[in-house]
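Excluded from the calculations below are hydrogen atoms, water molecules and symmetry mates; all remaining heavy atoms, backbone and side chain alike, are included. What you see is a predicted model; the values in this text were computed from it and never measured.
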Amino acid sequence: KSVGTVKDIVITGATGGVGSMLSERLAEKGHHIICLGRNRARLDKLVNELSSKGYKVSMEVADMMKQLEVEEAEARIRHNHGQIDVWINNVGVNNHNAIGPSWELAPENWWTEVSLNLYTAYLGTRTAIRLMKERNSGYIINLGGGGVQEPKPFGSAYGAAKTAIVKFTETVN
């Protein structure tokens, strides 16, 4: 079923499991999806699959952990699309080397897990606001996850990051 107004929607981490499902479901509703990710080959594959079904999709390559790459993608999105209506921060990482009793984890693995989840949501939110500010409209969706409602045993890094994303989102709102 198509929607009344077509929206331009950016989805970060678009080639992952949740990201590719979001991309397809929102595209089949008639929206234009801008798939954003760091792996060009996987993005090409996703965009080709969705395009072959008649969906309106495009892609941007950027590593959401690299500020310069995200800013370059922002400039291309502004140039190619002019505006966006929705930005979904979907990047989510739950590394096996950051799972276990907190006192046994290597501190750098714990911090990498937190950074990959929280910093990507921050950079994405920052970028989305900059793209939406001129029109003073738009929606930013930051995905929380496990560990937000209740403790995530042996997942302190992931739970801490996702809880921080929820509080960050509330604060920005």
- If only atom types and distance count, is the side chain of Asn173 paired as donor or acceptor with the main-chain N or O of Thr169 below 3.5 Å? no
- Tell me, with the steps shown, if Arg130 and Arg126 meet side-chain contact (heavy atoms from CB on, under 4.5 Å). CA-CA 6 Å; Arg130 290 161 47 132; Arg126 175 181 185 262; 2.9 Å; yes
- Message: I'd like to know if the side chain of Thr125 pairs up with that of Asn89 as donor and acceptor (distance under 3.5 Å, no hydrogens or angles considered).
- Response: yes
- With Thr112 via side chain to side chain contact (heavy atoms under 4.5 Å, CB included) - residues at least two apart: Leu116
- Message: Quick check: closest heavy atoms across His32 and Asp8, and the distance to 0.1 Å?
- Response: ND1-OD1, 2.7 Å
- Listed partners of Glu134 passing salt bridge (Lys or Arg N to Asp or Glu O under 4.0 Å), at least two apart: none
- Task: Go through the steps to decide whether Ile88 and Val10 satisfy the test side-chain contact (heavy atoms from CB on, under 4.5 Å), and finish with yes or no.
- Result: CA-CA 6 Å; Ile88 301 173; Val10 175; over 6 Å; no
- Does some side-chain heavy atom of Glu113 sit less than 4.5 Å from a side-chain heavy atom of Asn109? no
- Task: Could you tell me which residues satisfy salt bridge (Lys or Arg N to Asp or Glu O under 4.0 Å) with Arg42, sequence neighbours excluded, listed by chain and number?
- Result: none
- Working to the nearest 0.5 Å, report the span between OG of Ser102 and CZ of Phe154. 9.0 Å
- Residue that, paired with Leu118, satisfies side-chain contact (heavy atoms from CB on, under 4.5 Å) out of Val91, Ile165, Thr163: Ile165
- Sequence neighbours excluded, the answer for side chain to side chain contact (heavy atoms under 4.5 Å, CB included) partners of Val70 is Met64, Leu123, Thr127
- Contacts of type side-chain hydrogen bond (donor to acceptor under 3.5 Å, both in side chains), residue Glu24, not counting sequence neighbours: Lys53
- Task: Decide yes or no for Thr15 and Arg38: does some side-chain heavy atom of the first lie under 4.5 Å from some side-chain heavy atom of the second?
- Result: no
- Item | Side-chain donor-acceptor pair present, Asn90, Thr12, cut-off under 3.5 Å | no
- Does some side-chain heavy atom of Leu50 sit less than 4.5 Å from a side-chain heavy atom of Ile33? no
- Task: Could you pull out all residues at least two apart from Glu60 that satisfy salt bridge (Lys or Arg N to Asp or Glu O under 4.0 Å)?
- Result: Arg76
- Task: Check whether more than 12 heavy atoms from other residues, nucleotides or ligands sit under 6.0 Å from atom CD of Glu150, and answer yes or no.
- Result: no
